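Counting convention: from 1, in listed order, for ligands and their atoms alike. Given the structure is predicted, the values throughout are model-derived calculations rather than measurements.
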Amino acid sequence: MPFPTDFVWGAATSSYQIEGAAHEDGKGPSIWDMFCRREGAILEGQNGDVACDHYHRYAEDIALMREIDLQGYRFSIAWPRILPEGAGTVNDAGLAFYDRLVDALLEAGITPFATLYHWDLPLALYQRGGWLNREIADWFADYAQVVVGRLGDRVTHWMTLNELKVFVGEGYMDGSHAPGHKLPLREVLLAGHHALLAHGKAVQAIRATSPQPCQVGWAPTIFPLMPAEETPETVAMVRQITHAVNPQYPFWSSSWLFDPVFLGTYPEDGLALFGKDAPDIQPGDMETIQQPLDFSGLNIYQGFYLKTGAEGPAPVKPKDGAPLTALHWNVTPETLYWGPKFFYERYQTPIYITENGMSNVDWVALDGKVHDPQRIDFTTRYLQQLQRASEDGVDVRGYFHWSLMDNFEWAHGYRERLGLIYVDFETQARVLKDSAYWYRDVIAGNGIQ
Ligand code: IFM
């Protein structure tokens, strides 16, 4: 049996990327509402004002989920819909939307997996310093308490932050995501530390507020390194580099963020490397950050091979013409083997693959269907590797395809299609792609047969 019988087959989305209704029912503005107005920030000046209009069409979307027998649905909650100013006054209409969504999911027999933060920070909090202000840890915990207080009688699977590395790295270091800053390393690391504190305090708030036993995790992304040849020496070398802080890409090194969460310390090599740029750690910080988690999400799309060269480890350059997605990301199925495996070896925490998928050049064919054989082939290859990890003893509990539906792909706007469901952004018509029907068979067979 490649996967356990209670393995969860799902798909994922996020609030800003699909909901639309950006200024409705009392929702406050987020940093993405602001960033999308910045000239040149987003392809063709697009934005998420309407997106997939899921806020109004969630029932239709859940009917489509049901058609492909989805078992779990990972969505995020828009913080500024709940607290328009980020803190203080609660917007009941915002909570009521998620009430309706959760009720409809449960009615359809689909387990909700809720993420509290998928990048749409309330603008008002950004104006108070955002992730650079240490107070954000308390703002986030208070928000978590409000959400769990309302939905915790029905939602039992919670994630705090989606892809800390990306929203801090791209938002505060390279400026390609909201809020669009290019700050020195010291401030980037500080924002990261505050995000880790926010995660820890939110975990405490979720557990303290939930009226029933619940499962709590987070959803980081990793770019796994893989051995070009599976010799013990190369595997050991790749393992060692995977868990080291890389001086070339310091903030992107997983151990810098994972060690605090799972082991309660920043890694020594990172502290030595960063020196005076390392964040000020106040007494109790590391205990707050290291909250026991029931699972870790892992968002995995692509990775890189390393070989043992004459002068030490060497990256393997992909061959010209090697498979690429429409976003020109490498197709590297073995990331779903080595990523979970190396993670599990070090942190011994159950895993859900909370995102995996590809952008593809999809359109509605003359027969009215959307034929996306590349996505089927891509996902087959990746799932075969995840099965291998599971068979090797890695505790993998679920897989969420990114994405349920085509949506607003951040700075790339609507050009990149990553969904199982095709969305016509002019008419808002939806079409289940071939891959969606194929996924239904995968779900029925609990894996690739
Ligand atoms: O669309 C994003 C998602 O919001 C976060 N993870 C990667 C996806 C594809 O780029």
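Protein neighbours of ligand 1 below 4.0 Å, counting non-hydrogen atoms: Q17, H118, W119, N162, E163, Y301, W329, E355, W402, E409, W410.
Ring centroids of W79 and W139 are separated by 6.0 Å or more, keeping the two rings apart.
Residues meeting the ring pair (Phe, Tyr, Trp, His ring centres under 6.0 Å) test with W256, sequence neighbours left out: Y266, F274.
The aromatic rings of F167 and W131 sit tilted, their planes meeting at an angle between 30° and 60°.
Residue F113 forms a ring pair (Phe, Tyr, Trp, His ring centres under 6.0 Å) with just one option from W9, F75, Y352, and that option is Y352.
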(request) Show the numbers, then the answer: is there a side-chain contact (heavy atoms from CB on, under 4.5 Å) between H194 and L190? (result) CA-CA 6 Å; H194 295 158; L190 188 66; 3.5 Å; yes
(request) Dump the intermediate steps for side-chain contact (heavy atoms from CB on, under 4.5 Å) on Y347 and V261, then the final yes or no. (result) CA-CA 10 Å; Y347 301 114; V261 167; over 6 Å; no
